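Note sheet for the following structure.
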Amino acid sequence: MALADAQYCFLYADIGCEGRISDGGVFRNTNLYQKREQNEVDFPQNQPLQGRKLPVPYVFLEDDAFPLSERMLKPYPGCDPKGSMKRVFNYRLSRARRIVENTFGIMVAVFRVFRSPIMLQPDKVTKVVMICVLLHNFLRKSQSSANLYTPVGTFDREDNGILTEGSWRREFANNSSVQPLLNIGRKATVEAQIVRTEFAEYFSTTECFIQNGYNSEAASEAYFNRYPERRQPNMSIFGRLKENLVEYGGFNKPTPKNYRIQDAEDVAINVVGMVV
């Protein structure tokens, strides 16, 4: 199991768990999970999303196989109508998690040891996989090798809603050694559902803002027409979104960098996903 960031690099890796266990079961067997349960991970303080009031935690993004919790966001189940709050949330989550999928896919496509089951003793397999993870990070972070390791066209990209798949997918298509793990349904806590709803409402607000050309009045009207059952956002929300877009190039201020996990591993919290 591993975490990846927005730069297609691995932030954390735990190798050696049995493949028959679900993604959530794999996570519960990691030292990261133990440290989180014992409050030994120095997460940043909860902060409200831009233009909103409820403080929410910094979160990991995950797929359906993981449990929903206050710090782990997963998609809403089922297929919701186009433009609905849940569908907008799932779309945004999917776009972010696509980076994680690319991170794993590129490593598997380049290091051919992953093309088939590794016929080694488990302890040696653990070392081989960790070496590949470290080499991947080195090649991605080195200015001289990044363009050779991941040339233009390697990553998936999306333009105006049209997805162009990265070149690594052609290499990965016939690979049978990497398989998804089991999905196991779980009932989430009320607190976890509140956090996900807060993110979903925020994404709906920014979606209206973007689709209406960053015009506050038009965005507010579109939000009311689309979600008449929900409380109307204050006009100042859209103004602050536009200010941050101009100043920071995005809707939120840059994430603080002064946090560490209390041990040998460093884990950045501005994670875009967690998959196995």
Side-chain angles (χ1 to χ4, degrees), residues 1-5 11-12 14 21-80 84-97 100 181-207 223 227 229-234 237 240 251-253 255-256 258-262 267-276:
M1 193 211 76
L3 303 176
D5 64 12
L11 298 171
Y12 172 87
D14 187 278
I21 301 177
S22 69
D23 286 17
V26 171
F27 179 55
R28 284 193 296 273
N29 280 284
T30 64
N31 58 359
L32 176 60
Y33 177 82
Q34 301 301 326
K35 291 178 182 296
R36 193 195 69 168
E37 290 298 295
Q38 297 167 11
N39 295 319
E40 294 181 2
V41 181
D42 188 18
F43 289 105
Q45 290 186 346
N46 294 2
Q47 298 285 340
L49 297 169
Q50 182 62 41
R52 301 187 66 84
K53 297 181 179 179
L54 178 67
V56 293
Y58 285 73
V59 296
F60 301 108
L61 306 187
E62 59 190 22
D63 60 20
D64 289 323
F66 286 90
L68 176 68
S69 68
E70 291 182 63
R71 289 201 181 274
M72 298 173 68
L73 289 185
K74 64 181 294 183
Y76 285 100
C79 183
D80 294 285
S84 65
M85 181 185 74
K86 292 182 179 180
R87 184 152 178 172
V88 169
F89 173 85
N90 285 354
Y91 169 70
R92 292 295 173 188
L93 187 70
S94 174
R95 286 192 62 175
R97 286 197 62 260
V100 188
L181 298 184
L182 299 174
N183 289 0
I184 299 178
R186 302 173 183 85
K187 187 174 181 180
T189 64
V190 174
E191 291 78 8
Q193 296 179 36
I194 289 173
V195 170
R196 181 166 65 177
T197 299
E198 181 68 11
F199 274 94
E201 291 189 352
Y202 170 74
F203 290 145
S204 298
T205 304
T206 56
E207 186 86 355
Y223 188 93
Y227 311 109
E229 74 285 358
R230 296 219 300 270
R231 181 170 57 87
Q232 187 72 358
N234 191 295
I237 290 177
R240 287 194 291 272
F251 291 132
N252 293 299
K253 296 180 181 179
T255 305
N258 58 338
Y259 40 77
R260 296 172 61 86
I261 188 169
Q262 303 298 318
V267 180
I269 308 302
N270 59 336
V271 201
V272 296
M274 176 165 61
V275 297
V276 173

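All values derive from a computational prediction rather than experimental measurement. Because only heavy atoms are used, hydrogens play no part in the values below, and waters and symmetry mates are left out as well, while side chains stay in.
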Tell me, do L54 and I194 make a side-chain contact under 4.5 Å, heavy atoms counted?
yes
T197 side-chain N/O to Q193 backbone N/O, donor-acceptor pair under 3.5 Å:
yes
Would the distance check show the side chain of N90 and the main-chain N or O of Y76 forming a donor-acceptor pair, the cut-off being under 3.5 Å?
yes
How far apart are the closest heavy atoms of K74 and R196, and which atoms are they?
O-NH1, 3.2 Å
Going from CG on D5 to CG on L11, what distance comes out if it is rounded to the nearest 0.5 angstrom?
4.5 Å
Which value, rounded to the nearest 0.5 Å, describes the distance between E191 atom CD and L68 atom CG?
11.0 Å
Neighbour count above 12 (heavy atom, 6.0 Å) for Q38 CD
yes
Measure the spacing between CG of L32 and CG of D14 and express it to the nearest 0.5 Å.
8.5 Å
Plane angle bin for F203 and F89 - parallel if under 30°, tilted between 30 and 60°, otherwise perpendicular
tilted
Is any side-chain heavy atom of P75 closer than 4.5 Å to one of D64?
yes
Work out which heavy atom in M72 is nearest to a heavy atom in F27; give both atom names and the distance.
SD-CE2, 3.5 Å
Taking ring pair (Phe, Tyr, Trp, His ring centres under 6.0 Å) as the definition, give me every residue that meets it alongside F199, ordered by chain and number, with sequence neighbours left out.
none
With sequence neighbours left out, write down each residue that passes side chain to side chain donor-acceptor pair (under 3.5 Å) with E198, or none if nothing qualifies.
R52
P57 meets the side-chain contact (heavy atoms from CB on, under 4.5 Å) criterion, sequence neighbours left out, with N46, V59, R71, V195
Can you find a pair of side-chain heavy atoms, one from V100 and one from D63, that are under 4.5 Å apart?
no
Between OG1 of T30 and CZ of R36, what distance do you get to the nearest 0.5 Å?
9.0 Å
